[in-house]
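Both backbone and side-chain heavy atoms feed into the values below; hydrogens, waters and symmetry mates do not. Remember, it's a predicted structure, so these values are computed and weren't measured experimentally.
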Amino acid sequence: MTSRPVRHLLPSLIAMTLASAPALAQEPQPNVVTPEACRAIETDASRLACYDAVFGRSPSDTRAADAEASAARTSLDQQQAAKAQEPEQGEERSERRRRGAWFRTDDPMLQEALANAGKGSLLDSRWELAKDSKLGVFQLRGYKPLYLMPVFWTSDKNEMPHSPNPRNTVTEPQPLDNTEAKFQLSFKTKFAENLFGDNGDLWGGYTQSSRWQVYNGEESRPFRETNYEPEVMLVFRNNYSLGGWKGRMAGVGINHQSNGRSDPLSRSWNRVIFTVGLDRENWALVLRPWWRVPDGNDDDNPDIEDYIGRGDAMLTYSKGGHEFTVLARHSLRSGDKSHGALQLDWGFPIHRSFRGHIQAFHGYGESLIDYNHKATYIGLGISLLEWY
């Protein structure tokens with residue numbers, strides 16, 4: 001690889017990232033652009049949300065929608081209780097149950113209220129859960145954070161990646177720098193909407209994160225690791241309360257993650273991921289247990305679950321343009337198989353077009369090549385899109 005001075009490479013990378021961000025994140029962003037940029041957005045809902053962000057309009061208060069949904073549910077329960085008291089013949093009762101009359105309503109007002117529970121909440125803003133929040137299919141939306149970190153430092157370089165599979169173990173040390181650059185691109189799109197009445201959306205997502213040894217001129221500034229993560233998810237709207245939190249969503253998806261490299265550096269795995277999402281005011285909590293699909297005898301990383309884990313939990317607080325996120329995962333095992341990681345992210349306003357971003361990670365699996373390598377990482381840069 002031909003080397004170039006860092007002062008030329010970094011501005012170019014920043015420019016490319018900024019230029020590509022609007023196409024990847026067409027959904028509302030809290031402190032993004034100017035009125036002129038909003039005018040160019042074609043989708044009505046996204047354009048309106050853009051203007052709201054520019055002129056400081058606060059997100060919708062979910063209490064009214066939740067209260068209407070609660071009242072609708074109470075009314076529906078009362079109607080069903082009254083019908084249960086009515087005498088009916090056996091054949092008529094069987095027909096009623098066959099049609100599912102106990103679990104639905106034909107009242108349009110009740111249907112509308114139930115379908116819009118949680119409208120304007122944090123999770124609704126990302127997953128278009130409420131009936132009136134849906135923006136249609138095959139439009140790009142933001143997914144995971146979109147950022148560029150010119151500074152990404154580690155306490156312990158992984159110069160000899162290894163795995164229980166001998167063909168995936170490096171035998172000669174790699175000359176690496178402790179400081180590199182990291183950037184991530186991520187987007188999703190909806191393939192199908194309302195697969196089950198007015199609920200159930202099919203999404204496809206893609207995330208790519210890279211670690212670039214941009215300061216390692218002696219080794220021609222190689223990309224140390226890039227992880228590719230396509231996935232498909234079926235997401236449902238929920239409406240329940242749990243200790244002051246509102247259950248908003250549940251989903252199941254198929255996830256593939258790999259680094260696209262040859263042996264001995266190849267790493268990959270496939271998972272079935274289950275998702276439960278709750279929120280309250282400015283908080284959101286997403287729980288994701290998963291099951292790894294077995295990979296046979298040619299497994300690049302047979303013990304990956306004992307390091308990256310069998311599930312994760314993400315807690316987010318978003319207010320005033322600031323966003324704090326804590327992501328924790330664990331192997332859910334004890335003894336020698338007890339491993340995990342903790343990641344903290346803080347996005348904060350510094351410009352109308354982007355935010356500052358600080359990331360701290362400690363534990364195993366910051367990337368796939370480091371799945372069984374424990375270290376601390378600190379990153380500093382800018383982001384164009386956070387979690388919310």
Side-chain angles (χ1 to χ4, degrees), residues 144-145 149 152-174 176-178 180 182-184 186 206-213 222-231 253-273 288-314 327-345 359-379:
K144 298 179 182 180
M149 297 179 185
F152 192 65
W153 171 86
T154 181
S155 63
D156 186 9
K157 299 175 292 182
N158 186 14
E159 296 182 318
M160 295 188 66
H162 64 279
S163 165
N165 191 333
R167 67 182 177 83
N168 294 107
T169 296
V170 173
T171 57
E172 295 184 5
Q174 301 177 87
L176 301 174
D177 285 350
N178 285 85
E180 56 192 5
K182 179 184 176 182
F183 60 90
Q184 177 169 283
S186 185
Y206 177 76
T207 302
Q208 178 176 319
S209 61
S210 296
R211 292 114 188 116
W212 182 13
Q213 288 272 300
F223 277 82
R224 179 178 67 87
E225 175 78 347
T226 296
N227 293 161
Y228 309 93
E229 189 175 2
E231 54 191 312
I254 300 174
N255 178 289
H256 169 78
Q257 190 178 29
S258 63
N259 63 1
R261 306 178 78 174
S262 58
D263 294 337
L265 298 174
S266 175
R267 300 288 186 270
S268 66
W269 63 333
N270 299 295
R271 293 172 288 172
V272 177
I273 300 180
R288 298 194 316 159
W290 56 68
W291 172 74
R292 186 192 181 189
V293 179
D295 208 12
N297 296 327
D298 293 329
D299 197 337
D300 297 336
N301 29 245
D303 57 346
I304 191 170
E305 294 168 288
D306 292 334
Y307 290 93
I308 289 187
R310 292 173 173 83
D312 62 27
M314 183 180 70
L327 177 66
R329 59 176 187 247
H330 196 267
S331 62
L332 305 181
R333 295 292 186 271
S334 59
D336 294 339
K337 295 184 178 181
S338 177
H339 304 107
L342 185 68
Q343 179 175 306
L344 308 176
D345 286 87
Q359 183 178 98
F361 179 99
H362 178 73
Y364 293 89
E366 194 284 321
S367 65
L368 275 181
I369 197 65
D370 299 327
Y371 83 91
N372 55 1
H373 176 75
K374 185 178 181 179
T376 298
Y377 301 81
I378 304 294

Between [X] and [Y], do the side chains contain an N or O donor and an N or O acceptor separated by less than 3.5 Å?
X: Thr207; Y: Ser186; answer: yes
X: Ser266; Y: Asp300; answer: yes
X: Glu229; Y: Asn227; answer: no

**OP:** With sequence neighbours left out, write down each residue that passes ring pair (Phe, Tyr, Trp, His ring centres under 6.0 Å) with His339, or none if nothing qualifies.
**Re:**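 His339 satisfies ring pair (Phe, Tyr, Trp, His ring centres under 6.0 Å) with Tyr307, Tyr364 only.
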Original post:
Counting only heavy atoms not in Ile254, do more than 12 sit closer than 6.0 Å to its CD1 atom?
Top reply: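 Open: at most 12 neighbouring heavy atoms sit under 6.0 Å from CD1 of Ile254.
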List in chain and number order the residues that pass salt bridge (Lys or Arg N to Asp or Glu O under 4.0 Å) with [X], two or more places apart in sequence or in another chain; answer none if no residue qualifies.
X: Asp263; result: Arg167
X: Asp312; result: Arg288
X: Arg261; result: Glu225

Supply the atom-to-atom distance [X] [atom1] to [Y] [atom2], rounded to the nearest 0.5 angstrom.
X: His330; Y: Ile308; atom1: NE2; atom2: CD1; answer: 14.0 Å
X: Asp177; Y: Trp153; atom1: CG; atom2: CH2; answer: 13.5 Å
X: Met160; Y: His373; atom1: CE; atom2: NE2; answer: 12.5 Å
X: Asp156; Y: Thr154; atom1: CG; atom2: OG1; answer: 6.0 Å
X: Gln359; Y: Lys182; atom1: CD; atom2: NZ; answer: 4.0 Å
X: His256; Y: Arg271; atom1: NE2; atom2: CZ; answer: 10.5 Å

Taking C-beta and beyond as the side chain, do [X] and [Y] meet within less than 4.5 Å on heavy atoms?
X: Ser209; Y: Lys144; answer: no
X: Met149; Y: Tyr377; answer: no
X: Leu176; Y: Arg211; answer: no

Considering all heavy atoms of both residues, which atom of [X] and which atom of [Y] are nearest to each other, and what is their separation?
X: Ser268; Y: Arg292; result: O-NH2, 3.7 Å
X: Gly309; Y: Trp269; result: O-CH2, 4.1 Å
X: Ile369; Y: Asn158; result: O-ND2, 3.4 Å

Original post:
Between Trp212 and Phe183, how do the two ring planes meet: parallel, tilted or perpendicular, split at 30° and 60°?
Top reply: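 Because their plane-to-plane angle is over 60°, the rings of Trp212 and Phe183 count as perpendicular.
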Original post:
How far apart are the C-alpha atoms of Asp303 and Tyr371, what are their side-chain angles, what is the distance that settles it, and do they pass the side-chain contact (heavy atoms from CB on, under 4.5 Å) test?
Top reply: CA-CA 9 Å; Asp303 57 346; Tyr371 83 91; 2.6 Å; yes
Original post:
Got a sec, which residues hit side-chain hydrogen bond (donor to acceptor under 3.5 Å, both in side chains) with Tyr228, two or more places apart in sequence or on another chain?
Top reply: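 Applying side-chain hydrogen bond (donor to acceptor under 3.5 Å, both in side chains) to Tyr228 gives none.
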Original post:
Which residues satisfy the side-chain hydrogen bond (donor to acceptor under 3.5 Å, both in side chains) test with Ser331, sequence neighbours excluded?
Top reply: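 Checked Ser331 against side-chain hydrogen bond (donor to acceptor under 3.5 Å, both in side chains); zero matches.
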Original post:
Looking at Ile273, Asn255, Asn270, Val272, which one forms a side-chain contact (heavy atoms from CB on, under 4.5 Å) with Trp290?
Top reply: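 Going through the options one by one, the only one that passes is Ile273.
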**OP:** Kindly determine whether Arg310 and Arg333 satisfy side-chain contact (heavy atoms from CB on, under 4.5 Å), including the steps that lead there.
**Re:** CA-CA 9 Å; Arg310 292 173 173 83; Arg333 295 292 186 271; 3.3 Å; yes
Original post:
Is any NZ, NE, NH1 or NH2 atom of the basic residue among Lys374 and Asp370 found under 4.0 Å from an Asp or Glu carboxylate oxygen of the other?
Top reply: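 No, Lys374 and Asp370 are not salt-bridged.
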**OP:** Begin from the C-alpha positions of Asn168 and Asn301 and carry the test side-chain contact (heavy atoms from CB on, under 4.5 Å) through to its verdict.
**Re:** CA-CA 8 Å; Asn168 294 107; Asn301 29 245; over 6 Å; no
**OP:** May I ask you to decide if Asn165's main-chain N or O and Ser163's side chain share a donor-acceptor pair within less than 3.5 Å?
**Re:**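 Such a contact is found between Ser163 side chain and Asn165 backbone.
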